[in-house]
Each structure stands twice: as structure tokens, then as C-alpha cells.
Amino acid sequence: MPTEAKETPFTLAKAAKGDKPVKKRETDSADAAEQSPRKKVKTDEQDVKPTDADKVDSKPSTSSSASTKPAASSFFAPRSSKPAESSKGKGKEKEELRNGSADEKDGKDEDGDEEMEEVKVKRAGKDASESPSGAGEEDEEEASDDEKEQEQEQEAAVKIADIFTKASKPDKAQTSWKAGEPVPYAALTATFSKIAATTKRLEISAYLTEFLVNVIDKTPEDLLKTVYLCINRLAPEYESIELGIGESLLMKAIGESCGRTLAQVKAEYKKIGDLGEVAFNSRTRQKTLFKSKPLTVRGVFDELKKVAKTSGKDSQGRKVGIIKALLAKCEGEETKFLIRSLEGKLRIGLAEKTVLVSLAHAAVTAEHYKADNKKSRGQLASQLEFGAEVVKAVFSEIPSYDLVVPALLEKGVDNLKEACSLTPGIPLKPMLAKPTKAISEVLDRFEGKQFTCEYKYDGERAQIHYLEDGSVRVFSRNSEDMTVKYPEFVTQLPRCIKEGTRSFVIDAEAVAWDTEEKRLLEFQKLSTRKRKDVKVEDVKVKVHLFAFDLLYLNGEPLLEKNLRERRVLLREHLQPVEGEFAFAQSEDASTVDGIQLFLDKSIKDGCEGLMVKMLEGEGSSYEPSRRSIHWLKLKKDYLQGVGDSFDLVVVGGDYGKGKRTNVYGAFHLACYDAESGTYQLICKIGTGFSDEALKQHYDTLKPLELAQKKAYYDVGTAKGPDVYFEPRVVWEVLAADLSLSPIYSAAKGLCGDRGISLRFPRFIRIRDDKDPESSTEPEQIAEAYRRQSIQSGGGKKGKGGTADDDFW
DNA sequence: TATGCCTGCCC
DNA sequence: ATTCTGC
DNA sequence: GCAGAATGGGCAGGCATA
């Protein structure tokens with residue numbers, strides 16, 4: 001059954017590479033041994049040992065990362081869609097397949113094109129000589145020693161300092177503007193363009209800094225809107241102002257604006273993988289008849305906000321109208337970036353963190369210019385570093401550009417901290433955790449340190465603010481305001497507040513709760529709650545809170561205190577309330593066995609696993625927004641050889657977007673139902689693939705493309721893939737959970753009406769050794785679903801009393 | 001009024 | 001959410 | 001290790017449309 005295509009270069013190449021699997025860290029053997037064996041939900045009872053080829057495929061880290069050679073160099077440059085690729089033989093084929101004629105690009109003669117070409121060439125040739133940091137940008141051999149990193153950081157800072165102590169180069173005509181004038185949108189997009197042309201983070205940051213310095217210098221009143229366009233937002237997260245524009249409406253707007261049919265736009269999109277490029281490529285010439293006034297940053301921002309605020313009947317048409325009007329005014333690359341902004345992804349390697357750094361650097365640099373006493377290189381460098389730290393820290397406590405940017409302009413970096421700090425009523429960025437692949441890894445990291453394990457509840461993160469005036473605010477993990485979703489907290493919270501507690505911010509998990517059975521419910525239940533206009537009376541799904549941290553108390557921020565202290569304060573000032581509020585179940589386990597037991601218990605109780613946290617010493621403070629290594633998450637499916645895996649058939653593929661242009665970006669999977677002889681769709685999958693694996697999958701599957709869906713593919717009500725395949729390729733896929741699906745048909749009828757799908761599916765490895773018909777059976781999937789049902793908590797809990805509540 | 005698509009936001 | 005990758 | 005960019009299931013809510 002494996003066709004030729006299947007065992008082409010992929011397997012061979014992989015096997016060859018696998019010959020020298022120098023292991024960086026013991027991954028498989030040791031860890032696997034320490035865990036109970038993965039529950040195989042598969043057709044073969046005997047656990048088939050992965051072949052070498054498989055292994056390498058599924059765990060690139062074990063092989064490639066270990067070798068000192070830059071194995072990755074053979075990959076295509078990630079963000080270039082064409083030029084880099086075409087130089088590599090294989091890419092050519094694909095271009096034909098997906099792009100049709102390649103000459104599209106050459107035929108254009110509009111302004112802006114030249115620049116584009118230039119950029120592309122640069123990307124392809126990795127020519128960085130134009131970088132603001134100068135040609136001297138180190139040819140980074142790999143260097144990952146701590147010292148070296150330190151050095152690099154220092155150097156980097158100095159370099160950045162250098163850039164701004166030099167006289168700035170003369171601006172290009174359209175991208176410069178006079179002081180006091182609105183910042184031209186073209187100036188911003190030109191900056192985006194430069195940023196898109198490199199992958200070097202320092203360079204990216206430097207380009208943006210350079211631009212922001214200009215803005216501060218010439219038109220500081222535009223800084224806020226500029227920054228918003230850079231991070232692709234319209235307002236702080238907690239203000240929930242959304243564009244309400246997606247791919248569909250955008251394609252409509254592009255089509256209408258360029259005089260193309262929707263179908264044409266869609267086809268282009270599939271080929272090119274970027275709507276911005278689509279719009280850019282298909283601009284009609286007619287608009288150039290009259291040159292409208294150039295777009296400005298503030299103008300674009302204001303229009304976007306208008307789009308967001310448009311609602312009600314015919315709102316979609318009106319939104320499209322605004323967008324079309326904007327598009328008509330776009331020149332050159334503005335089109336591309338405008339569309340990308342609307343898509344919500346700039347995709348130029350620039351996102352919030354980098355913007356923050358650049359903003360800080362720009363502020364420092366601007367001050368530096370104003371104050372005539374030029375500092376030394378070193379001084380400026382350390383100022384820059386300091387500024388970045390301050391701005392990042394401030395922003396994580398007050399994630400609002402509306403507040404931080406003006407404060408930065410008025411008070412400067414030096415006084416920013418006093419001007420902006422943790423304020424109840426405004427969310428702070430939550431502390432995040434790193435996944436952990438083995439219990440031994442936990443011990444490695446926390447060796448000799450005091451740490452605690454807590455249940456990782458399967459609910460929704462809830463940062464709850466209780467203000468002095470008795471009002472309550474609830475924020476999600478992403479700082480969205482969830483207050484209206486949980487009206488019951490207003491009456492519930494006071495019950496768990498002890499005397500003398502006037503205000504606080506707690507970090508907690510809100511979990512769906514079965515009041516009858518007194519037990520946790522699945523996440524899926526929680527998500528059925530209404531989100532708007534919720535009245536306490538018609539809340540159907542009750543929620544239980546599990547608090548695990550205290551960030552602010554009676555007017556004092558507690559972020560700097562260690563977790564042990566915060567936890568004491570938490571327990572001193574709040575109290576459990578049966579069925580409503582409790583402290584996260586915790587245990588200060590310290591051995592592999594102890595952790596393992598607690599982990600098993602957490603899962604039996606319906607949790608996802610454990611969180612492991614430093615209690616004291618370095619890393620035990622609350623570090624907003626840091627996916628800190630000081631908090632670890634331990635889930636059964638992370639552990640080598642543990643968790644449910646399935647062998648599924650690849651029956652469809654979607655064209656990739658962005659850096660996955662020219663390969664399939666995601667795949668549709670099915671299980672085989674022997675009884676009906678159908679392939680039942682179970683989920684899509686889009687993660688777990690190395691870049692190289694994606695290419696190989698493309699090569700393998702492309703020849704298996706079908707003109708039409710097979711009659712025996714049962715896609716349920718799911719949206720079909722871009723292309724269907726012959727049922728031939730089998731993959732092992734890992735999932736955290738199974739869910740009853742409203743759209744998929746797998747195992748339909750075995751657990752009620754609905755089919756079953758996978759939560760957090762990811763690719764593990766190819767199963768050359770299995771044919772499609774021996775993939776995981778529906779019954780096995782149903783079995784796995786039944787197995788995961790949460791045990792009733794009743795047995796464990798006695799009755800009433802705080803000791804008992806403390807259990808949960 | 002019912003249904004279905006799209007979007008944003010949880011995980 | 002998970003995962004991969006360049007810096 | 002960080003930051004960014006690919007990608008998942010599934011829900012409510014808003015709108016368009018049948």
C-alpha cells in the first residue's frame with residue numbers, strides 16, 4: 001500500500017540523518033521508563049516500536065538539535081514565499097503546482113514595485129548590508145553559552161545606541177514628513193517593509209525604534225496610534241473593541257475593490273497564502289487617475305476604529321464600504337499592510353514584546369537627543385536596556401497603551417514606574433507556565449528549591465479584582481473583561497472575604513461545577529455559559545472558583561513577595577465557601593513518586609494535571625506575562641509515552657498560509673469504520689510538524705490529491721478541506737482529551753448523537769507500518785471518550801466543613 | 001422565525 | 001491551546 | 001529561553017439570508 005511517493009526522499013533522508021542521533025538530553029528512554037506506558041488507542045495491541053525514520057520524524061529535537069551542525073540550514077527561509085524556494089529545485093515543482101505561472105510578479109510597472117523587488121531579493125540573498133546596525137552585524141555562529149548571551153546582549157545594546165548616535169540617513173520622499181504634520185501611513189508601512197525583510201530581532205527592533213523616534217520628534221501626538229497600528233490593536237484588550245472583520249468579509253472587500261470576483265480572490269489567496277499580497281497584486285490601475293490625499297497613520301487608525309464600531313443591520317456592508325474606501329487610497333505597499341492589519345496579523349516578525357522594547361528605546365533615544373549633553377555610548381546603551389525593562393514591567397502591570405504611551409511621553413522612562421503601576425480595576429498580565437516533558441525535568445529545574453504542586457483545573461483563568469468600593473471585575477487570561485459573564489461573583493465573593501480584607505486581586509480558575517454531585521465538570525460545559533447580558537437568575541452552569549494566587553491586597557501590590565508569602569496572605573484573607581470558592585488543591589511534593597501520585601490524583605479528579613511552582617527564592621515572585629520557567633505545567637499528555645494517541649488517516653489538506661505557503665498548512669484526519677466502510681472525519685491537525693516534515697508531507701500527499709471527495713468519506717457537517725486525498729497515509733496523533741463534536745462524525749452513535757473529536761491534536765509521527773483500514777477504530781475512540789469521564793467527587797469529600805472544601 | 005456563516009475568544 | 005524556529 | 005507565527009476544537013453572539 002505505501003506508494004512510491006511515500007517512501008521517497010523523506011524516509012531515506014530521515015533514516016540517514018537518524019544514523020547519528022546524538023542525544024542532547026535523554027528524552028525517550030529514561031523518561032518513558034519512568035512513566036506508565038501510554039495508553040494506546042490503537043488497533044495493534046503490541047506497541048510497535050517506532051522505526052528510526054519515524055523517530056527522527058516525530059522528534060526532530062532529538063536528532064537535529066544535538067548535532068552541532070546547523071541542520072536547519074537546509075530548510076527554506078521561513079518567511080519568504082518564493083525566491084528562496086525557487087532556488088532549490090524542489091520549490092520549482094511546487095510553484096508550478098500552486099502558483100501557476102510565475103511571471104505574474106514581473107509584469108508590473110506600478111510604483112512601489114521596485115521597492116518590493118528589492119526587498120525580495122534581499123530576503124533571498126540574505127543580504128543584510130542595509131541593516132541599520134550596519135554590515136558589521138555579527139555572523140552569528142551558534143553561541144548559546146550564558147556568558148556569550150550576556151555579551152551579546154550588551155553588544156546589542158551598544159549597537160542600538162550606535163545607530164542613534166549616528167546621524168540618521170535622509171528619508172525617502174514619501175516616507176518623511178515635516179514636524180507637526182500627521183505621520184504618513186506610507187512612512188509606517190515602509191518601516192514594516194524593512195522589518196519584513198529581516199528575521200534578526202535586533203534589526204527589527206532597531207527599524208521600529210528609528211521610526212518611533214521620528215514620530216516622537218515630529219508628531220508625538222500620533223505616537224499612540226502608531227503604536228496601536230504596530231501591535232494591530234484598536235484599544236486595550238479589556239475594552240473589547242473588535243473589528244468584526246475576517247477573512248470572508250475581507251475577501252469580499254478586496255474583490256469589490258479590485259473588480260474581481262470572490263472566486264478569483266479566493267483562488268489567489270489559496271495560491272499566495274496572504275490576502276495582503278492578493279490585494280497588492282490585483283490592484284487595478286484606475287484609481288491612479290486621481291491621486292487622493294495620502295493616507296495618514298491617524299486617518300487609517302480612525303477608520304479602523306470606525307469599522308469596529310459599525311454594527312447593526314447592514315453593518316457588514318458598511319464595514320466593507322469603509323475598507324474599500326481605504327483601499328482606494330492606498331499606494332503601493334500600503335495595500336498589503338492595510339489588509340494584513342485587518343486580518344489581524346502583520347506577520348512581519350514584529351509583535352507586542354518587540355514593540356514595547358522599541359517604544360522604550362525610542363523614548364530613551366528621543367530624550368537623549370533633547371538633552372544636549374550627549375551621553376557616552378555605554379551610558380546610552382544601559383539607558384536603553386533600563387528603559388526596555390521599565391516599559392515591559394510597567395506594561396505588564398497596566399497593559400494599556402492609552403495610559404502608558406502618554407505617561408511615557410510626559411514623564412519619561414525614569415518616572416514611568418511611579419506614574420503607572422498595578423491598579424485594581426485594570427487587569428495585569430497573568431503569569432504563565434512552561435510545559436514540562438517529564439517529572440524528572442521538574443526535579444532538575446527545581447533541584448534543592450522549595451516548590452509546590454497545585455491542581456491544574458480545566459476551566460477559565462479568572463483574575464478577579466475586588467475594589468474598596470465593593471465592586472468586582474473579572475479578567476480573562478488575555479485581559480478581556482469577563483465581568484458580565486460572571487454576575488454571581490458579586491454576591492458570592494463577599495462570602496469568602498474575611499474581615500479586614502478591603503481590596504484584592506486574586507488569580508484563580510473558574511470551573512464548571514455540578515452542584516448536585518459536588519464535582520467538577522468538563523471545560524466544554526463551562527464554555528456553554530452565556531457571555532453577555534448574563535443575569536444571575538438564568539445562569540445554568542454554576543461555577544466554582546479555585547484561587548491560587550494573591551497579587552494585591554488592601555492597597556498593596558504583592559508581586560514582589562514570594563509565593564509562600566502570597567499564599568499565606570491568600571489563605572489568611574479569604575476563606576473557602578462550599579461549592580463556590582476554594583483554594584487550589586496543593587501539595588508540596590518533592591519526589592518523583594510523590595509528584596506522580598499527585599498528578600494521577602489530579603487527573604482522577606477531573607483536572608488537566610499539575611502546576612509546579614517555586615515557593616521561595618529567585619523566581620518565586622509573580623512575574624506578569626513571563627512564560628516563566630518558574631511555573632511549570634505538567635500534563636499527562638506531555639509526558640513521554642503517556643496520554644492518548646491515535647492512528648488516523650490523512651484524507652484532506654488545506655493550503656498553508658504565511659510561512660506555510662506552498663505546502664499544506666493543515667490536514668484533515670479520519671478513522672476507519674469497518675462496519676460501514678466509511679472514513680469518519682475526526683479532526684484537523686496543524687501542529688507538531690517541522691518545516692521539513694511539512695514539505696515532505698506535501699510531496700507525499702500531493703500525488704494523492706483527488707478531484708473529488710470519496711463517497712465513503714463521512715465529513716459530518718465540517719467544512720471540507722481544500723483538497724481530498726486517497727486514504728493511504730496514517731499518522732500517529734496525540735491529544736489531550738476527546739470531545740463530543742457538533743461537526744465531526746467519528747464514532748457517531750457510540751456516545752450519543754454526536755461524533756467525537758480531539759482536543760489539542762498534534763502530529764507525532766508517520767505510521768508507515770499501518771494501512772488506513774487498520775487505523776484506530778471508532779469503538780476505540782468511543783472507549784477513550786468514556787474512560788475520561790470525571791469521577792464523582794462525592795466519595796472523597798466528607799460533608800461540610802472547611803477542611804473538606806480545602807480538598808478541592 | 002429558523003438556520004447558517006462568520007468572528008472573537010476560551011482552552 | 002501545541003509546536004517549531006531564528007535569534 | 002524568548003518571541004513570533006503557524007496551526008487545533010468548540011462555544012456564544014451578531015448578522016445575513018432562507
Side-chain angles (χ1 to χ4, degrees), chain A residues 60-61 64-65 70 72 75 77-79 138 140 142-144 146 149 152 156 198-205 237 240 242-249 273 311-317 319 344-354 357 434-435 458-461 476-478 480 482 485 510 523-534 608 626-629 635 637-638 654 656-661 663-667 669 682-694 717-719 733-744 756-763:
Chain A
S61 56
S64 59
S65 71
F75 294 171
R79 293 220 311 286
E138 70 272 276
E140 60 285 77
E142 39 49 78
S144 39
D146 271 357
E149 252 169 49
Q152 277 187 345
T198 181
T199 55
K200 294 194 173 61
R201 291 211 313 237
L202 296 177
E203 213 178 302
I204 288 173
S205 176
E237 274 102 338
S240 59
E242 306 305 332
L243 277 173
I245 281 284
E247 222 166 65
S248 284
L249 278 181
S311 70
K313 189 155 158 48
D314 294 330
S315 59
Q316 298 196 342
K319 287 181 190 216
K345 289 177 179 184
L346 243 23
R347 262 197 353 225
I348 53 177
L350 173 78
E352 185 141 60
K353 301 278 188 181
T354 309
V357 171
K434 276 294 264 274
D458 192 7
E460 182 175 38
R461 187 99 177 239
S476 76
R477 182 193 126 116
N478 293 314
E480 299 281 337
M482 295 281 138
K485 182 175 171 181
F523 173 78
Q524 228 179 334
K525 271 281 184 334
L526 180 72
S527 57
T528 64
R529 275 181 66 118
K530 296 266 173 280
R531 293 197 272 251
K532 298 194 166 171
D533 284 328
V534 184
E608 295 184 282
R626 264 198 84 194
R627 193 167 289 265
S628 165
I629 58 165
K635 292 167 65 167
D637 52 301
Y638 295 159
D654 291 337
K657 307 188 177 148
K659 66 184 181 186
R660 296 209 180 158
T661 303
V663 294
Y664 303 120
F667 305 87
L669 304 178
I682 181 168
C683 70
K684 291 194 288 176
I685 190 164
T687 192
F689 311 105
S690 65
D691 289 352
E692 194 180 2
L694 279 174
T717 56
K719 206 185 85 185
V733 165
L734 187 65
D737 263 318
L738 296 95
S739 55
L740 288 179
S741 172
I743 59 170
Y744 289 109
I756 289 174
S757 188
L758 307 183
R759 177 144 82 140
F760 312 144
R762 57 261 203 199
F763 172 80

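Heavy-atom basis, side chains included; hydrogens, waters and symmetry copies ignored. Naming: A, B, ... by sequence-line order, numbering from 1 per chain.
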Inset, instruction - Just call it for N478(A): base, sugar-phosphate, or nothing, with non-hydrogen atoms closer than 4.0 Å on any strand. - result: sugar-phosphate
Inset, instruction - List the atom of L758(A), the atom of A735(A), and the distance in Å for their closest heavy-atom pair. - result: CB-CB, 3.8 Å
Legend entry - Backbone of L249(A) reached by a side-chain donor or acceptor of K319(A) within 3.5 Å: no
Legend entry - R627(A) CZ - dA5(D) P separation (whole Å): 15 Å
Legend entry - Short side-chain N/O contact to dA5(D) OP1/OP2 from R347(A), under 4.0 Å: no
Inset, instruction - Indicate whether OP1 or OP2 belonging to dG8(D) is found under 4.0 Å from a side-chain N or O atom of K684(A). - result: yes
Inset, instruction - Could you tell me whether F760(A) and Y638(A) have their ring centroids closer than 6.0 angstrom? - result: no
Inset, instruction - Select from Y638(A) and R201(A) the residue whose nearest nucleotide in DNA chain C is closer to the 5' end of that strand. - result: Y638(A)
Legend entry - R626(A) side chain near dC2(D) phosphate (N/O to OP1/OP2, under 4.0 Å): yes
Legend entry - Polar side-chain atom of S757(A) near backbone of I682(A) as donor-acceptor pair, under 3.5 Å: yes
Inset, instruction - Could you tell me whether the side chain of R660(A) and the main chain of G665(A) form a donor-acceptor pair under 3.5 Å? - result: yes
Legend entry - side-chain N/O T199(A) vs dC7(C) OP1/OP2, d < 4.0 Å: yes
Legend entry - Atom-to-atom span, CG of L346(A) to P of dG4(D) - whole angstrom: 11 Å
Inset, instruction - To the nearest Å, give me how far apart CG (L669(A)) and C1' (dG9(D)) are. - result: 13 Å
Inset, instruction - Describe the nucleic acid contact of K719(A) in one word from base, sugar-phosphate, nothing, applying a heavy-atom distance below 4.0 Å. - result: nothing
Legend entry - Distance test, side-chain N/O of K659(A) to OP1/OP2 of dT7(D), below 4.0 Å: no
Legend entry - Salt-bridge present (D458(A), R759(A); N to O < 4.0 Å): yes
Inset, instruction - Just call it for I629(A): base, sugar-phosphate, or nothing, with non-hydrogen atoms closer than 4.0 Å on any strand. - result: sugar-phosphate
Inset, instruction - Could you measure between the two C1' atoms, the one in dA1(C) and the one in dG8(B), and give it in whole Å? - result: 15 Å
Legend entry - Given DNA chain B, 5'-ward residue of the pair G246(A) and S476(A), judged by closest heavy atom: G246(A)
Inset, instruction - Give the rounded distance in Å between these two atoms: CD of E247(A) and P of dA6(D). - result: 13 Å
Inset, instruction - For L249(A) and dA16(D), give me the distance from atom CG to atom P, rounded to whole Å. - result: 9 Å
Legend entry - Under 4.0 angstrom between R477(A) side-chain N/O and dA1(C) OP1 or OP2: yes
Inset, instruction - Mark yes or no for a side-chain to base donor-acceptor pair under 3.5 Å between T687(A) and dT7(D), with no hydrogen or angle criteria applied. - result: no
Inset, instruction - Can you see which heavy atom on T661(A) is nearest to which on G658(A), and at what distance? - result: OG1-O, 2.6 Å
Legend entry - Terminal contacting nucleotides, 5' and 3', DNA chain B versus chain A (heavy atom, 4.0 Å): dC6(B) to dC11(B)
Legend entry - Contact pattern, 5' to 3', of nucleotides 10-15 of chain D - B, S or - by protein heavy atom under 4.0 Å: SBBSSS
Inset, instruction - Using atom NZ of K345(A) as one end and atom C1' of dA6(D) as the other, report the distance to the nearest whole Å. - result: 7 Å
Inset, instruction - Provide, to the nearest angstrom, the distance between the CG atom belonging to L526(A) and the P atom belonging to dA1(C). - result: 13 Å
Legend entry - Gap separating the CG atom of D691(A) from the NZ atom of K659(A), nearest 0.5 angstrom: 6.5 Å
Legend entry - D637(A) to A736(A) - nearest heavy-atom pair and separation: OD2-CB, 3.6 Å
Legend entry - K657(A) bridged to E247(A) by N-O distance under 4.0 Å: yes
Legend entry - Value in whole Å for how far the C1' atom of dC7(C) lies from CG of L350(A): 15 Å
Inset, instruction - Answer yes or no: is there a donor N or O on one side and an acceptor on the other, between the side chain of Q524(A) and the main chain of S739(A), under 3.5 Å? - result: no
